[in-house]
Amino acid sequence: MNESLVLDAAHRHCQSLQDALTGFRHQSLGTLAAWGAELAAVLPVGGRLLAAGNGGSAAQAQHLTAELVGRYRQERPAYSAIALHAETSSVTAIANDYGFDQVYARQVSAHGRPGDILVLLSTSGRSANLITAAVTGRAAGLRVWAMTGPGPNPLAEAADEALCVDAGTTATVQEAHLVAVHVLCECFDAAGGAPAPAKAAGRPVAADRRMS
């Protein structure tokens, strides 16, 4: 094994992510700040966030919903957020009866209400089941946000708004999407999703999440 070649590969991977995040900071933070503010206006009054992806993007979508149902940094109320791909019986039944292109669209029809938010993650931006979900969500009155790889792409065009990561590999796009998920949670909390904790006399308030 040539250790130099292995180390070079590691450096290239890190450089790819660094380059992607440089563009992300200049182009996408305003979008995420606006999304966080919109979430803070929707979820605390009973709205819902639906999220979906395929493969690694499914894991990213579920990460987002977990941060909203649980918490990100500060103690705050639980908010309604559903990762559609995690509904395994629904996914398999819908795929069996209607085809895989419908596995998310039918759930959007079932769970989504006007004013809710649908977040769809795809490194390619070309997954038919996500594009169909975007079209269904917009027709039902949901706000549809897409996180994708380089644009333009069909999913970004089908959504109301899109955050497109300019990177050359699936791995780098997914890593940047994880940063985007965390920044969205930061912005949501800052915009009012996490009310300032009340101070109890003589007792410190545990504001930050535990490391896990």
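- Side-chain contact between F24 and L32 is present, with heavy atoms from C-beta onward closer than 4.5 Å.
- If you check the side chains of T132 and D101, you find no donor sitting under 3.5 Å from an acceptor.
- Other residues, nucleotides and ligands contribute more than 12 heavy atoms inside 6.0 Å of the CZ atom of R143.
- Using a 4.5 Å cut-off between side-chain heavy atoms of Ile, Leu, Val, Met, Phe, Trp and Tyr, with links allowed through other members, L142 and W145 fall into different hydrophobic clusters.
- Using a 4.5 Å heavy-atom threshold, the side chains of R48 and Y79 count as separate.
- Of the charged side-chain nitrogens involved, none lies within less than 4.0 Å of a carboxylate oxygen, so that D189 and R73 do not count as a salt-bridged pair.
- Residues T123 and Q174 are in side-chain contact: their nearest non-hydrogen atoms beyond the backbone lie under 4.5 Å apart.
- Residues Y104 and T136 form no side-chain contact, since every pair of their non-hydrogen atoms from C-beta on lies 4.5 Å or further apart.
- Across every non-hydrogen atom of T65 and A51, the tightest pair is CG2-CB, 3.9 Å.
- In this structure, R126 places its CZ atom where more than 12 heavy-atom neighbours from other residues, nucleotides or ligands lie under 6.0 Å away.
- In the model, E157 has no side-chain atom that pairs as donor or acceptor with a side-chain atom of N153 under 3.5 Å.
- Looking at heavy atoms from C-beta onward, L49 lies in side-chain contact with L64 at the 4.5 angstrom threshold.
- Side-chain N/O atoms of E175 and H13 include a donor and acceptor closer than 3.5 Å.
- In terms of heavy atoms, M147 sits closest to A180 at SD-CB, 3.9 Å.
- Looking at R71 and E67, no side-chain N of the basic residue comes within less than 4.0 Å of a carboxylate O on the acidic one, giving no salt bridge.
- Taking all atoms of both residues into account, the shortest heavy-atom contact from P150 to C164 is C-CB, 4.4 Å.
- Considering every non-hydrogen atom in both A78 and V69, the closest pair reads CB-O, 3.4 Å.
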CA sep, side-chain torsions, deciding dist, call: Y72, F188, ring-ring contact (aromatic ring centres under 6.0 Å, His included)
CA-CA 10 Å; Y72 178 61; F188 170 69; 9.8 Å; no
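- Listed here is the closest heavy atom pair of A61 and G53: CB-N, 4.2 Å.
- For the pair L50/D116, no side-chain contact is recorded, criterion being any heavy-atom separation below 4.5 Å from C-beta on.
- Nearest heavy-atom pair, T172 versus S16, reported as atom, atom and distance to 0.1 Å: OG1-OG, 2.9 Å.
- Within the 4.5 Å cutoff, the side chain of S127 has no heavy atoms near those of the I131 side chain.
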